Number of protein chains: 2
Amino acid sequence: MLTGDGAYIKKINRQYILKVIYEEVKISRANLAKVTGLNKATVSVQVNDLINDELICETREEHNVVGRRPILLSINESAAFFLGIDLDYDYILFNITNLKGDTVKYEKIELNTDIYEEIADLVANRIKHYEQEYSWAKFGLAQTYIAVHGTVSTDEVIHFIPTYQWRDKDLKDDLIQKGINYLHVENNANLAAYAERVFHYHTSDNLILLNLSSGIGSGIIINGELHRGFHGHAGEMGHMIIYPKGRPCRCGNEGCWERYASEPAFFDYANRLLDHRIYTEQDVTKLIEVNNDEIITALNKWIADISIGINNIINLYNPEMIVLNSPILGSYKNSLNEINKHLTSSVSHYRDIVISGLGAKSAVVGACAMGIQNFLELPDLSLNATNNSVSA
Amino acid sequence: MLTGDGAYIKKINRQYILKVIYEEVKISRANLAKVTGLNKATVSVQVNDLINDELICETREEHNVVGRRPILLSINESAAFFLGIDLDYDYILFNITNLKGDTVKYEKIELNTDIYEEIADLVANRIKHYEQEYSWAKFGLAQTYIAVHGTVSTDEVIHFIPTYQWRDKDLKDDLIQKGINYLHVENNANLAAYAERVFHYHTSDNLILLNLSSGIGSGIIINGELHRGFHGHAGEMGHMIIYPKGRPCRCGNEGCWERYASEPAFFDYANRLLDHRIYTEQDVTKLIEVNNDEIITALNKWIADISIGINNIINLYNPEMIVLNSPILGSYKNSLNEINKHLTSSVSHYRDIVISGLGAKSAVVGACAMGIQNFLELPDLSLNATNNSVSA
DNA sequence: AATTATTTTGTTTATAAAACAAATAAAAAA
DNA sequence: TTTTTTATTTGTTTTATAAACAAAATAATT
C-alpha cells in the first residue's frame, strides 16, 4: 500500500487534469477548474508545470461570447511517439501514434521465418530505426508494446505461442540486451480489449473482447482494469470444454470450444458441405455475397457453437460489452442476429454484443494507447483518434 | 475521478495505519512508522486521532529489551459491532462480530414461512433487538450485511432468489422504511468469497469460491476486488452449458452445469445406484464412512462433472485459489484428489484448490467483515479471528 | 465613436492543512 | 551514569484553497 504526501496529491491532480484535457481535447484553465472541482489557482500551477514539461500547449482561438478570451490548452501531440508491434505468424504489424493517439505510421512486414533469434533481430532493428526517426521529438519514441498471439506471464516472459511453438521466451529481456528500452510484451487480445475501451467504449468497465481466428483469444476488462489472472494466463477461453468427450484438443482435453468455434473449425464445416474447397476469408466473403446456401448453413452451425461459449462467458462475467473480432463474422451481416437468437437463457445478462470496428489493427493501436497511459502514468485513458478504423 | 487535497492524504494514511494495526494486532508508534514508512510525527498525530475516535487503544505490556518501553496499540474491539445475516431457505443465520472480527454471537432461526413480508418483518425485529443489545458500545451495531441466495443488482435490489421465487424485491429499502440503518444486501457467495480472503487467503488477489448446494453459487475476487459484473449478476456459473442439448434447465437452456454438479444432481446419481433412497448430507457421510461402493461411484461421477466446470473456470479466470464450499465434498476425503486428476489440460493454470474451512458460516462472517471494511472505509482488510471455523 | 459597465479568464497573495526533519524529552536496561 | 529506544515538540516545506486583483473581451450607454 501507498503512503500519501504532498507529492502524491500533486501527482493525482496532475493525472486528473491530463485526463480531462484528453477528454475535452481543447479546454481553458477556468473550465478545467470547473470540470475537476479544483481551485483555479491549483489548476494554473499544474498547467504551468505541464507546459514546462512540454506535454500540453496553449492555443488562442476565435471566441464570440462575452468576457475575456480563454487560452485553450491541448495535448502537445508531437511531444512523444508510441510504437505498437503485432507479432502475428506470417507477418508483423508496426503502428506508431503521437501523444494524442493518432496513427502517424503503419507498416506491415511479411515474415518468411519462424526462428526466434531471426525475428527478435528483425524487431530490434526495426525499433532502432523508429527510435532514430522520432529522435527529434522531446521524448522521442517513448514506449513500445509488443503484442504476441499467445500466453504471457506476469513477468512479461512469453509462456507459449502456439503458431510459433515458442515456449518460455524472454523476448523483453532479449531486446533489452540489444539496447531497446521502454519496452513491454503483452498478449494481443488483452491489447485489443484495451483498444476497444480506450478508442470506443470509454465508459464500459466490464468489457470482453473475443478474437476468433486460428484459435480463440480473449481480453477481459473488469472494473475498468485488464484481468490477467494469477500467472497472467486468464482468458484461455478456447479451452473451455463445451462438448465432453468431443473432438481431441492439443491441450490434452476433449471438446474444447476452440475445436468448434475457431476459423479452422468453420472451414471444416464449410468444406464438408461445399462442392469445392475454400481456404481464405476472401473465399467466404465471395460466397456470402452470392448468398450461397451451403456457406450460410455452415456459418449458422458455426455460430451456434460460438454462441454456446458466449452464453457461458456471459453467465460467468456479466459483461457490459462483448466485442467480437473476426473477419468472417464481420463480413456476414446476419451474424449478430444469429448469436442473439441463441442467447435466450433467462439468467444471461449483458448489454450489447458488437463486431469490432478496429479489426486487424486493434492490437497495435491498443499497444500504442497502453504506451501513452504508461508514459503519462494515467490510471485510465480515453482517446478520440479517428484514423485507427478497420479500413484505415 | 477523485481530486487530492490534504484531507485525502490524511485519510489514506489513516487507512494504511489501521490496516497495519489489524495485521500486526499489537504495535507501537515507532514500529508503525517503520512499517508504513511514514514519519514518526505523522504517526503520532494519526494515532492520537484514532485514540480520540476510540477506534484503537493503548496497552502497556511486559518488555525485556533495552530502551524505553513501547506503548502498544491495538484495535478497540468493543467500539463497534457488526451483524451478518444469511437468509437461507428454511432458516436464517445471525452472526455478530466485534471490531476485530471475532464472533461474539451466533444464532440460527428456523423458518416456517416463505412470505416476503413476514420474513422482512422478522429480520427487521431481530436487527432492532441487536441494535438495543449493543447500544452501549461507542458505535453500537455499526453495520449490517444481509446475504441472499440469489442475484442482487448493483443498486442492491434483490433480482431473483430461486428457492423463494422472489423477484425484484427491494429488501434494503423495505427495511430502511422500518427504521433500520447502515444496511446492505449482497449475494451470499460474494460474501463467502470475501470471507475466504479476509480470514484465510489474505494475499490471494485472484480467488474464486464455489458453493455447491441446491444450486451453484460463486464469488469472484479479481485484482483483490469482488467482481460483480455490469448488472451485478456475474458468477452465474451454474448456467454455463457443459452438455449441449443435455438436461433441460429452469433458465431455458439445456445442459447447464447446475443440472450435473449441484447436490440434487448428486443425489440423483446416488439414488439410481443405491438399493435404498438417501436424502440428506448425513446419509451420504454415513455411507462414505463404511466405504460403500455405490456412493463412491456416484461421488466420482459427480466430481467428474464438477471438474468440467472447474476446468472451464480455470481457463477463463486463471485464479490463484479455488475454494470449494460443499458439505458432501468436504466429508469425502478423496474429493480434491479426484478433482485434480481431471484437471490435466496443458493450458490450465491455478495455484491451489481447497475445501472451505468456514463452511456454513462463510457468508455471515464475510458479511461481518465487509461491515468492518465499510465502517472503517478501508480499501482492504485482513483478519485473524480464530472462532469462525466450521466447527465453532 | 467614445466611454462605462459587465463578464469571464487567469494570476497573485495570504492562509490552512498535512507530512516531514530534527531536536528534545522520557523511560528503561546496561 | 551511559546507552538505547520510544514518543513528542518545534519549525519547515509543500500543496491546495480562498479571496482579491488584474487583464481582456463584449455589451450598453451617452
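In this text, all values refer to a predicted model and were calculated from it rather than measured experimentally.
Under a 4.0 Å N-O distance rule, the pair A:Lys19/A:Glu24 does not qualify as a salt bridge. Look at A:Glu133 and A:Lys105 and you find a salt bridge, because one of the NZ, NE, NH1 or NH2 atoms lies within 4.0 Å of a carboxylate O, short of that distance. A:Glu186 and A:Arg228 are joined by a salt bridge, as a carboxylate oxygen and a charged side-chain nitrogen come within less than 4.0 angstrom of each other. For A:Glu58 and A:Arg29, the salt-bridge test passes: some basic side-chain N is under 4.0 Å from an acidic carboxylate O.
Neither OP1 nor OP2 of C:dT8 sits under 4.0 Å from any side-chain N or O of A:Arg29. Under 4.0 angstrom from either OP1 or OP2 of C:dT8 there lies no side-chain N or O belonging to A:Ser28.
What separates CZ of B:Arg14 from C1' of C:dA19 is a distance of 17 Å, to the nearest Å. As rounded to whole Å, 12 Å separates atom C1' of C:dG10 from atom NZ of A:Lys34. Atoms CD1 (B:Ile9) and C1' (D:dT13) sit 12 Å apart, rounded to a whole Å. Counting to the nearest Å, the C1' atom of D:dA16 and the NZ atom of B:Lys10 are 16 Å from each other. For A:Ile12 and D:dT15, the CD1 to P distance is 13 Å, given to the nearest whole Å. Rounded to whole angstrom, the span from the CG atom of B:Leu32 across to the C1' atom of D:dT5 amounts to 16 Å. Rounded to whole angstrom, the span from the CD atom of B:Glu58 across to the C1' atom of D:dT6 amounts to 12 Å. Between B:Leu72 atom CG and C:dA28 atom P there is a gap of 13 Å when expressed in whole angstrom units.
A donor-acceptor contact shorter than 3.5 Å is absent between the side chain of B:Glu225 and the backbone of A:Asn223. Listed for the A:Asn318 side chain is a donor-acceptor partner under 3.5 Å among the backbone atoms of B:His231. Judged by distance alone, with hydrogens and angles left aside, the side-chain atoms of B:Gln373 form a donor-acceptor pair with the main-chain N or O of B:Pro379 at under 3.5 Å.
Open room surrounds OH on B:Tyr182; 12 or fewer heavy atoms of other groups in view lie less than 6.0 Å from it.
Residue B:Ser44 is in base contact, counting any heavy-atom pair closer than 4.0 Å across all strands shown.
Residues from residues 46-57 of chain A placing a heavy atom under 4.0 Å of any atom in DNA chain C do not occur.
In this structure, B:Asp53 and B:Lys138 approach most closely via the heavy-atom pair O-CE, 3.9 Å.
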Original post:
In B/S/- notation, 5' to 3', how is nucleotides 17-24 of chain D contacted by protein heavy atoms closer than 4.0 Å?
Top reply: BB---BBB

